[in-house]
Amino acid sequence: MKKNAIITIDETTARVTKAFQRQARIFGTDEYKMWKAYREDFPGAKMETKTIKRNTNKRTYRNLTYVNMGRYISVNAPQLLEEFEKQKDSAKAQENPYRAVLAWFLEQFPNYDDYKKFFEDKDKTAEATAAEDEAPDSRVIGLAG
């Protein structure tokens, strides 16, 4: 879909891009003038933007850094930490070292989705600990009089 395109779905609905919709709200822009002309032909028309269906079960590698891989391995299989370091060192010769280490990690831990829950729990405990450290001391100090 082009940026400055209005696609007529029916007399009451027109599909536009989000960029077009933002610009059509600004008086005097080309998009504003185009929408005004469109509304002359179809007075009851409303703008609709296309929504993209997202796959919520898609596997992502977000937050799967070397540090987090090491943390996960140290908790779940500490005997593999040395092998993990060897993989990191040998992967430096590759075009994309991270992908090589990631492939090894996924081979060792096929249920890597568990790491998301693992790191969420770690982050929550870290936040709770930080909040306790920053909280003012709740002890009451009495002054002798």
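All values reported here derive from a predicted model rather than from experimental measurement. Sequence positions, counted from 1, serve as the residue numbers for this chain.
Summarising the geometry of F109 relative to A77, their closest heavy-atom pair is CZ-CB, 4.0 Å, with the distance given to 0.1 Å. A pairwise comparison of heavy atoms in G28 and K33 identifies O-CE, 3.5 Å as the closest pair. Closest heavy-atom contact between P97 and A91: CB-O, 3.3 Å.
Screening residues 34-44 for side chain to side chain donor-acceptor pair (under 3.5 Å), with sequence neighbours left out, gives T8-Y38.
Between M69 and F84 the shortest side-chain heavy-atom distance falls below 4.5 Å. Using a 4.5 Å cut-off on side-chain heavy atoms (C-beta onward), Y66 and E85 make no contact. Looking at heavy atoms from C-beta onward, L64 lies in side-chain contact with L102 at the 4.5 angstrom threshold. Side-chain contact between K92 and K88 is absent, with no heavy-atom pair separated by less than 4.5 Å.
Scored by the side chain to side chain donor-acceptor pair (under 3.5 Å) test, Q21 finds no partners at all (sequence neighbours excluded). Residues satisfying the side chain to side chain contact (heavy atoms under 4.5 Å, CB included) test with A103, not counting sequence neighbours, are none. Residues passing the side chain to side chain contact (heavy atoms under 4.5 Å, CB included) test with S74 are L81, sequence neighbours excluded. Remark: D10 pairs with T12, T13 by the side chain to side chain donor-acceptor pair (under 3.5 Å) rule, at least two apart or across chains. Listed by chain and number, the residues in a side chain to side chain donor-acceptor pair (under 3.5 Å) with E83 are Q87 (sequence neighbours excluded).
Residue Q79 qualifies as enclosed at atom CD: its count of foreign heavy atoms under 6.0 Å is above 12.
F105 has its ring centre less than 6.0 Å from the ring centre of Y72.
The distance from atom CD1 of I73 to atom CD of E82, rounded to the nearest 0.5 Å, is 12.5 Å.
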Open item on the list: For a side-chain contact (heavy atoms from CB on, under 4.5 Å) check, start with the C-alpha distance between V16 and E48, then their side-chain angles and the critical distance, and finish with the verdict.
Closed with: CA-CA 6 Å; V16 296; E48 174 188 285; over 6 Å; no

